[in-house]
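See structure below.
Letters A, B, ... are given to chains in the order of the sequence lines, protein chains preceding strands, and every chain is numbered from 1.
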There are 2 protein chains.
Amino acid sequence: MQAKEAAERLEITQRMLRHYEKEGLLTVDRTLNGYRHYTNADLRRAGRIRDFIASGFSTREIRAMSACLSDDGDGPCEGGVEMLKQKLADIDRLRDELTQRRATVLDRLEVLEQGLAREAALAARITEDS
Amino acid sequence: MQAKEAAERLEITQRMLRHYEKEGLLTVDRTLNGYRHYTNADLRRAGRIRDFIASGFSTREIRAMSACLSDDGDGPCEGGVEMLKQKLADIDRLRDELTQRRATVLDRLEVLEQGLAREAALAARITEDS
DNA sequence: GGCTACCCTGACATATGTGGTAGGGTTTCA
DNA sequence: TGAAACCCTACCACATATGTCAGGGTAGCC
């Protein structure tokens, strides 16, 4: 497929696709007229690049584990594994924090809602009484 | 504690700590001489900021959820069921995002490790054969 | 041919995270 | 008093991800 469709499918801009290419993360071949022709494999690879960048990896880092980006991680990518593990740890730490925080907020929310319910009940009773 | 120790404990530079402050993500008070004094709460908050940035969030985004970064919601994180519900939704959204990012990284990691295992097995077989 | 909707490259612009350096104050300790 | 090891602010520099715009080619359709 050509650029527009590829970009749309990945939900990124053509500019970004060209950027990946320029940075050596992606190789796309051309049709006779010079237009880029994206295969499905290209698309999957580009999708991974997109995700990695969205997750805070730089093109440098991604390039370093370039071999790990193709459909089947062929090639030597121990460095990639290390990096990935590191990033995974980062994300996990964050997510745990969020989970904990969520519980805290939820707790408080429940307390508050109980309080409100109590007030409402009280108000209702007063209304009844009157 | 003062800047050096804080930076060392968080494994980031003092420069970065100051950056968080300048961007309004962190408020650190000072001792009489004007030196920053980091409390443990400051440290935890800064650690969260560090993690969010490392996970690809911009200071803008982090600022937007600033209230959820303190240990216990002081400021806008408290005061009103509506607000808390909003916060809960924010946190959930964030956590979902992280989960997605985590899955992306994990996926790749698994493919890679399978690849490495396959290679190792191959190498072992070759060694046996010889 | 002309119109429309694609495509290309290249340059400039902006935001952001981070490093570095300069110039200068404070604390501590001998 | 002087030196070492801290601290401060304020700047400039750099990389990078993206946007945007200019100038120009190509394909398809009426």
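Counting to the nearest Å, the P atom of C:dG17 and the CZ atom of B:R60 are 11 Å from each other. Between B:K22 atom NZ and D:dC12 atom P the separation is 11 Å, expressed in whole Å. The separation between B:E23 atom CD and C:dT18 atom P is 11 Å, rounded to whole Å. The separation between B:E21 atom CD and C:dG17 atom P is 15 Å, rounded to whole Å. The separation between A:D51 atom CG and D:dA17 atom P is 15 Å, rounded to whole Å. In this structure, A:L17 atom CG and D:dA17 atom P are separated by 14 Å, rounded to whole Å. Distance B:I49 CD1 to C:dG17 C1': 14 Å, rounded to the nearest Å. At whole-Å resolution of the value, CD in A:E61 and C1' in C:dG17 are 13 Å apart.
Summarising the geometry, atom OG1 belonging to B:T39 is positioned 7.0 Å from atom CZ belonging to B:R44; distances are rounded to the nearest 0.5 Å. To the nearest 0.5 angstrom, A:K22 atom NZ is 7.0 Å from A:R15 atom CZ. In this structure, B:D42 CG and B:M1 CE are separated by 8.0 Å, a value rounded to the nearest 0.5 Å. Interatomic distance, B:L43 CG to B:R50 CZ, rounded to the nearest 0.5 Å: 8.5 Å. For the atom pair B:Y20 OH and B:R45 CZ, the distance stands at 12.5 Å (nearest 0.5 Å). Note that the CD1 atom of B:I49 and the CD atom of B:E21 stand 9.5 Å from one another [nearest 0.5 Å].
Listed for the B:D51 side chain is no donor-acceptor partner under 3.5 Å among the backbone atoms of B:R48.
The side chain of B:T59 places an N or O atom within less than 4.0 Å of a non-bridging phosphate oxygen (OP1 or OP2) of C:dG17. Between A:H19 and D:dA17 there is a side-chain polar atom (N or O) within less than 4.0 angstrom of OP1 or OP2. Distances shorter than 4.0 Å separate some side-chain N or O of B:R36 from OP1 or OP2 on D:dC8.
Looking at residues 1-15 of chain B, you'll see B:Q2, B:A3, B:K4, B:Q14 sit with a heavy atom under 4.0 Å from some atom of DNA chain D.
Taking only side-chain atoms of A:Y20, from C-beta outward, the nucleotide of D:dT18, C:dT16, C:dG19 with the closest atom is D:dT18.
Shown here is B:R30, whose CZ atom has more than 12 heavy atoms of other residues, nucleotides or ligands within 6.0 Å.
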Original post:
In the 5'-to-3' direction, what one-character label does each nucleotide of nucleotides 21-26 of chain D receive under the scheme B = base within less than 4.0 Å of a protein heavy atom, S = sugar-phosphate only, - = no such atom?
Top reply: ----BB
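Looking at heavy-atom distances under 4.0 Å, B:R30 makes contact with sugar-phosphate atoms alone, never a base.
Taken together through direct or relayed side-chain contacts under 4.5 Å among Ile, Leu, Val, Met, Phe, Trp and Tyr, B:Y35 and B:L26 form parts of separate hydrophobic clusters.
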